[in-house]
Participant: 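Take this structure first; my questions come after.
Remember, it's 1-based here, ligands and their atoms both numbered in the order they're listed. All heavy atoms count here, side chains included; hydrogens, waters and symmetry mates do not.
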Amino acid sequence: MTDRIETLLQFAERRTPRYTSYPTAPHFHAGVGEQLYTQWLKRLNSQKSISLYVHIPYCRELCWYCGCNMRATRSDDPIAKYVEGLLQEIALLSARVTPDLHVSHLAFGGGTPTILSDGQFDQVMGALRSVFTFEDTAELAIEIDPRTFDAEKAKTLAKHGFNRASVGIQSFDPEVQKAINRIQSYDMTKRCFDHLREVGITKINGDLLYGLPYQTRGSAWSTAEAVVSLDPDRLAVFGYAHVPHMKSHQNLIPQESLPDAEARLRQEDAIGDVLINAGYQRIGIDHYAKPYDRLAVLAREGQLNRNFQGYTTDDAKTIIALGASSIGRTPEGYVQNHTHVRDWALSVSSGKLPIAKGVEFTPEDLMRADMIERIMCDLRVVPDRIAEAHSADCPDIEIEDLITAGIVKRDSGALVLDPDYRPLARLLAAAFDAYLGEGRAKHSVSV
Ligand code: SF4
């Protein structure tokens, strides 16, 4: 075992948030509700672009590794009812936002958002376009499951202006696919890429996983090589989080089939090696992009952003989120919709924005959020400079163990994470988290 792997393993079991927000979601509370959010919405500045997120929590089948807020359905009825709810939610928002808000980014996530029919996309996109003005250069992104995608669906997406697709791949190893109940051949995935490109959706991301049941370093390597041949612009490479106490269907995956921490690291390294050799640039802790891609350009310039969808070119300080469980933000705080579709639908049908909880930023939250975002994006931070920009004192932090282990170095005011230890960036970020340890939040392991 190399010294690097040994050091990573030594810190691997520490549980920290993924820092796609700060304060993190477990610190949202019911004190933030519809009334406060309405005030925040009314104060939005129409000179600044906003983003939209729409959550569609339905899939045709359950993947056993799934950690998303979704439910499997063979019937179309719940989807039709859900679309009705979305239209009601858009109408409620339209009465509360200033007219002429400009949208620079829209993302549909799930679940399987392409489960909507062409007519349902007409309804939802038509309603969104009637309330918000989409900029000519707006990025319209959507998550795709190749197993339920075809040429007709590609045409529907193109018709509505979608120009980026995020394709779920995970692993091409047949044994792994059987163990996660997701059978998806290379040919099926290639057809999905072809359908997208044929209609002009050429900006394509891929999602890969390591740490899946029966996955090996060799199969992670082969999957990465196969994915390179599909030529996506960006790839996200995540570790499978086995949390059957929170996601009971994960009990269908036998514990003994899961690779241990060392094997997970070696799989992650193998995927990274293939992608770097193929010319991709490493972004933050778990993304890769072609060097010409805007994500890579922003990363080189230290301008990368991070939000609930991971690393992004989107720097909007406002994300209006629609659908059950979705999380939005304004410059004043985060809000989260009711997680259960039933509660969300009840709220919108009774004329109430479906906010279940949230958090209002304090000036200190905003400063710490900036510090954490720079660590997660750049693997370095100059805390004094950020504190000065916020006219605040720099927080005291304890990172001697990370310094002693050689994971973090001090360099004339900057804290710099050794790129070999990028999976541990969350540990440095956690040093700036004033809420860590409060409440009963459960986080995943760092590696
Ligand atoms: S397609 Fe995605 S959201 Fe749906 S069950 Fe599979 S992993 Fe979960």
Side-chain angles (χ1 to χ4, degrees), residues 18 20 53-76 78-79 82-83 86 107-117 120 141-150 153-154 157 162 164-186 188-189 191-193 195-196 204-215 223 227 232 234-244 246-253 257-258 286 308-310 321-327 337 339-341 344 444:
R18 296 182 57 80
T20 50
Y53 174 75
V54 182
H55 191 70
I56 308 291
Y58 292 100
C59 296
R60 288 299 181 204
E61 242 183 295
L62 175 68
C63 307
W64 295 343
Y65 67 90
C66 182
C68 304
N69 178 40
M70 58 71 63
R71 45 208 49 67
T73 178
R74 288 267 146 218
S75 160
D76 290 336
I79 300 159
Y82 190 80
V83 167
L86 280 178
F108 270 67
T112 305
T114 53
I115 208 164
L116 298 193
S117 66
Q120 288 166 335
I142 186 159
E143 291 173 3
I144 308 270
D145 178 350
R147 297 170 303 162
T148 54
F149 196 69
D150 57 24
K153 287 209 180 283
L157 298 185
F162 285 92
R164 179 173 289 284
S166 190
V167 179
I169 300 169
Q170 323 317 350
S171 166
F172 284 131
D173 182 334
E175 194 184 0
V176 172
Q177 291 191 354
K178 197 165 153 225
I180 59 173
N181 196 39
R182 185 180 173 114
I183 308 298
Q184 176 184 331
S185 69
Y186 173 84
M188 183 188 280
T189 311
R191 271 198 300 279
C192 170
F193 274 66
H195 292 320
L196 288 165
I204 306 180
N205 311 352
D207 289 342
L208 295 181
L209 281 175
Y210 61 87
L212 289 168
Y214 305 111
Q215 201 170 12
T223 294
V227 166
R234 301 177 186 170
L235 282 150
V237 181
F238 297 128
Y240 164 57
H242 190 62
V243 283
M246 290 161 74
K247 298 279 172 189
S248 57
H249 57 259
Q250 290 185 349
N251 280 309
L252 293 162
I253 295 177
S257 67
L258 294 171
D286 47 22
F308 279 101
Q309 285 148 64
L322 299 105
S325 79
S326 62
I327 298 179
N337 280 354
T339 303
H340 292 291
V341 171
W344 167 83
S444 57

Participant: Going from CZ on R182 to OH on Y65, what distance comes out if it is rounded to the nearest 0.5 angstrom?
Facilitator: 4.0 Å
Participant: Can you confirm whether I180 sits close enough to P213 that some side-chain heavy atom of one is under 4.5 Å from a side-chain heavy atom of the other?
Facilitator: yes
Participant: Which residues and atoms, protein N, O or S only, are under 2.8 Å from atom 6 (Fe) of ligand 1?
Facilitator: C63 SG
Participant: Could you check F108 against F162 for ring-ring contact (aromatic ring centres under 6.0 Å, His included), going step by step and ending with a plain yes or no?
Facilitator: CA-CA 10 Å; F108 270 67; F162 285 92; 5.5 Å; yes
Participant: Looking only at protein heavy atoms, identify the closest one to atom 3 (S) of ligand 1 and say how far it is in Å.
Facilitator: G111 N, 3.4 Å
Participant: So do the side chains of L116 and I56 get within less than 4.5 Å of each other, counting heavy atoms only?
Facilitator: yes
Participant: List the atom of L258, the atom of L212, and the distance in Å for their closest heavy-atom pair.
Facilitator: CD2-C, 4.2 Å
Participant: Inspect the contact between R60 and D76 and indicate whether a charged nitrogen and a carboxylate oxygen are less than 4.0 angstrom apart.
Facilitator: yes
